[in-house]
Amino acid sequence: QRAGAQTTGSLCVSLTGSPHLMAAAFEIRPAIDSDKPAIVCLARLAIEEPDRFPWNDDHQTDKDLLQFWSPEERCRRKFLLVAEGNDSSGVGRFAGMCLLQAAGGSKALLGSLSFVVAPGARGHGLAKRLCAAGVEVATKQGFTALRVEVPTCNAPAVRVLAANGFQVKCTLPGTFAHSTLGPSDLQVMVADLRPREVRRSLAALGVTGRAPPTPARSPRSFSTSMVGVKCTDPEDQSILSTSTASKFGMSFRTGGSGALQDSPTLYPGEEVHIEPLIAGLSISDLPEHSVRFSTSTPLPEGLSLDELTGKITGTAKASSFTSMATSSISLMAKVEVGAELQVADATTLSHISHGSSSGSSGTNPFINEEFATSLQKVVDVADLPLAPTVNRNFHGDWMLWMVHRVWLNDPELVELDFGQREMPLGHLEPRIAPKLMEAIAQNTHLEKIVLNGSNLQKPEAALLGAALSKNTSLLELHLESNCLDAAALRELAVGIAANPESRLEVLRLANQKHMGQFAGRPTEQAIANMMKLNDSIIKLGFECDDANWRNVIDRALLRNNDLWRRRHAGEREEDLPAPELKSLSHIRLQVPPSGSAGAFFDSQDSASAVLQRYLEENMMLPTPAQLQNFAKKTGDILPYTIVAPLLRKCRTALLDASRGQPIFALDNYGVQLEGVLRNWATDGEAHELEVADGEGKRSIFKSHKEPKFSLARDWQPWLSTRQPAHGGG
C-alpha cells in the first residue's frame, strides 16, 4: 500500500496496512529538534509514492523536506505533531506526523493540514487520530476554518476528513495528475472550526460568507451574553478572569493595527478604539439593523458604545475605575433573526413525527439519524414504518426508506424512481446509493429503476454492474445525466452480458456529465458485445460513433424487437423459423468458469492432475491414447478404464460451464460460427449443440463421432497448476 500526505492545498491519505499495529500504541506530541532525522525518513516515504502524493521535483532533497515539515521558531503559525512509537512500523521512531500551517500568511484564519502515516501503521485509525489532533490544535490557535483538496479516487482520505468534520464544498475536474489513472478530480473539503452556537446564529441570519445577505422579513429576536471587555484596576494590571468570548465566537479588533483579541484590556488614560466581530465577521457584513449591543454595567467615564455597531471609543478617566464594583464588563449582542413561517400540511406533520422537523437547502438530502438507525434494524417488510414525507429539498429519509424496501425484497415495490433527486455521495452515505446497488442483485420483484439525474457516481456503477450480472427481474433501467465515465459504462455492459437470464428490455445511458458525446471505441465494443449476447434489450439509449459497432448494435436491436413481438404475440418455440442444421468437427470454448479449477480437477487424484497439466500445456482435450502417452512421460501409468470415464466427465463439466457463454463451432467444411451455446446433448460419441449467433439465428451442430475440443487463451490462467511468484518488495 502507498503512503499518503498533502502539501499546502492538497491531501492524500492511505489507510490500509498491516494489522499488527494499533493506533492507540502511539503517543501524539509536538515535534522537537531531535526528531528531524525521523521526520525526513517518514517524509521520504511520501515522496516516493508519486501516484498518491503530488510532490514537485524541488522537494526531493532532505533539506527541502525539513524546510517544509519542520516548524520554524520565527513562524508561530506552523505546528508539527508526531505519532511516536517503536520500530515495528519499519520507518524508525515515527508512525505518522501531521503539519498545520496558515494558508496565506501568518495572520490568516484559514489553515491547511498535511499528514503522513507509515505503511505498517495503517488500517487502525491513526490517520483519523492525527487529523483530529491537527483540528484541535487549529481550534486552539484561533483558526476559523481548515481547507484541503483530496482526489476523489482516494476514498480513505475522504472518509478520514469526513469523520473529522470536513465537508465537500466543490469539485475541481481533472486537476490531479494520477500516475496510473491520469487526470482525476479533486474535491475541496472544508472544516468550519467556529463554535456551534455561532454557526447556528449565522445560519439563522442567512450569513454564509463575506457578502451581506438580503435582510430577512418577519423578524423575531433572541439575545446571547458574551463576555468581551475587561477593565483593570490601575493598581493591579493583571487580568482577573478568563474571558469566554471565544467560546461564543466574539472577538475584537483593537487600535489602528487591526490586531484581533479575545478579551481586550482597558487602561485609564489610554485612547480606546474597539470593534467587535462575531465569528470573524464585521457587523457591517451582517444584515442592516440586525444586531443591538449593550453592556451589563456602565462603561468607565470617557468611553462610549455605539449600539448599532458595538464599537467602543474614547479615553477612560482614571477616577471612574476606582468606583467600579467589577473588574469585567459583559458586552451583549441582541440579534434579530429573520424567519419565514409556513403552514404544514398533514403529510409534513406525519414526517415531523419521525423527528425530522427541518430540512436542508438546495438538493442535499437531509437524513434524520434517529429514523435511519431505527430503519436499519427492520428485517421484515411488515415492520416497516410509514413512508416519510418527500419533497424537492427534503428527501433523505424517504430515500433511505425506499432503498431499505429494495433490500428487504418488498413484493409490492416494482418501481423505484429517484429521477432528478440527488443521492449523496456513496463514501459519505453508504446507506443509499451503495446499498441500493447491492440490493438490486438479490431483489426478485423490482421491474423498473429510474435514476436519471440522481448524482450516480463511478464507484456505484461497478457495484451496479455486478448486480446486473445476477438480477433476473429488472425490465427498465434509466441512468441518463449522471456522473459516469466510459469505464463505468463498460462495467455495466460486462455485467449484463454475463447474465444469460437477464430480462432487461430498456437501458438508457446517454448524456453522462463526465464524458463527451461518445464514450470511445472500447466502451462501444463492450456495448456491442453485450447486445450480441443479450436477446431481451429492445430500447437502448447510447450514442455510438464507430460504424462497425453501431451496425452490430442496430442489428441486435432489430433481432431483439422481432423476438419480443413474437413472444408477446403468443408464438411457441416450434412456430419460430426452423434452425439451420450443420455438421460439427471442432468446438472451441471461449470463457472459463467463474469458480476455481479445483472444482473440476481433484488434486489428490493422480489421473485428474495429469489431465489438468495436459490441458494447460496443449489447450485441447486429449483422446484416451494421448492422455496415456502424456502420463508415461511423467512416470504415471493410467489404464484405459480410468482415462475414458475421466475424459467423459471432464467434457460434460466443460460444456455445462459454457452453457450461455460464447463459443466457436466449425463444420466439416471449416466454416466457423461464433455464437452462444444454448444447449447440448450427447449419445455415445455423437454430439449435438444448439448455438445462437449475434442475429438471433439458431444453428444445430451434429457430429456422429467425437469432435475436437479446444480452449481459448483465456483458459490458461484458470488451468495453471503453477503457484504465483511472491515478490520480495
Side-chain angles (χ1 to χ4, degrees), residues 4-15 46 52-56 59 68-69 71 75-81 96-117 127-178 184-196 198-199 202-203 207-211 246 249 251 260 277 279-281 285 362 364 424-425 427-428:
Q6 173 257 338
T7 59
T8 301
S10 177
L11 174 65
C12 296
V13 178
S14 178
L15 288 180
R52 297 299 295 271
F53 197 85
W55 278 90
N56 296 324
H59 282 165
F68 177 80
W69 285 98
C75 181
R76 298 183 180 180
R77 303 283 281 173
K78 188 175 182 182
F79 310 90
L80 180 65
L81 304 174
M97 56 186 178
C98 174
L99 178 69
L100 166 68
Q101 55 186 336
S106 61
K107 293 185 179 181
L109 299 180
L110 175 66
S112 66
L113 284 176
S114 309
F115 54 93
V116 178
V117 177
K128 184 177 178 181
R129 284 188 59 202
L130 280 170
C131 185
V135 171
E136 182 179 359
V137 172
T139 303
K140 292 180 179 179
Q141 295 300 323
F143 290 97
T144 59
L146 291 176
R147 190 189 81 164
V148 298
E149 295 174 3
V150 54
T152 54
C153 57
N154 195 351
V158 176
R159 287 196 296 268
V160 168
L161 294 168
N164 283 282
F166 287 81
Q167 296 181 342
V168 177
K169 294 300 181 182
C170 67
T171 300
L172 308 177
T175 52
F176 177 74
H178 197 288
S184 301
D185 297 347
L186 281 175
Q187 288 182 340
V188 178
M189 301 186 70
V190 175
D192 190 342
L193 305 185
R194 296 174 297 180
R196 183 178 302 175
V198 173
R199 297 200 299 268
L202 293 179
V207 179
T208 57
R210 298 293 298 180
S246 59
S251 57
L260 295 179
L277 292 87
L281 296 178
D285 292 332
N364 295 324
L425 297 176
H427 58 270
L428 299 179

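- The nearest pair of heavy atoms linking C98 to G134 is SG-CA, 4.0 Å.
- In this structure, the separation between OG1 on T171 and CE on M189 is 10.0 Å, given to the nearest 0.5 Å.
- Considering only heavy atoms from C-beta on, L146 comes within 4.5 Å of L100 through its side chain.
- Shortest non-hydrogen contact noted between V158 and P151 is CG2-O, 4.4 Å.
- Nearest heavy-atom pair, C131 versus V160, reported as atom, atom and distance to 0.1 Å: CB-CG1, 4.0 Å.
- In this structure, V116 and L130 approach most closely via the heavy-atom pair O-CD1, 4.0 Å.
- With values rounded to the nearest 0.5 angstrom, D185 atom CG is found 8.5 Å from L172 atom CG.
- Atom-to-atom distance recorded for C170:SG and E149:CD is 8.0 Å, nearest 0.5 angstrom.
- By the 4.5 Å heavy-atom criterion applied to side chains, T152 and L425 are not counted as neighbours.
- Taking CD of Q141 as the start and CG of L193 as the end, the distance is 12.0 Å to the nearest 0.5 Å.
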Start with the C-alpha distance between Q101 and L99, add both sets of side-chain angles, then the distance that settles side chain to side chain contact (heavy atoms under 4.5 Å, CB included), and finish with yes or no. CA-CA 7 Å; Q101 55 186 336; L99 178 69; 3.7 Å; yes
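- Here the CG atom belonging to L81 is positioned 11.0 Å from the CZ atom belonging to R129, to the nearest 0.5 angstrom.
- Between F143 atom CZ and D192 atom CG the span is 14.5 Å, to the nearest 0.5 Å.
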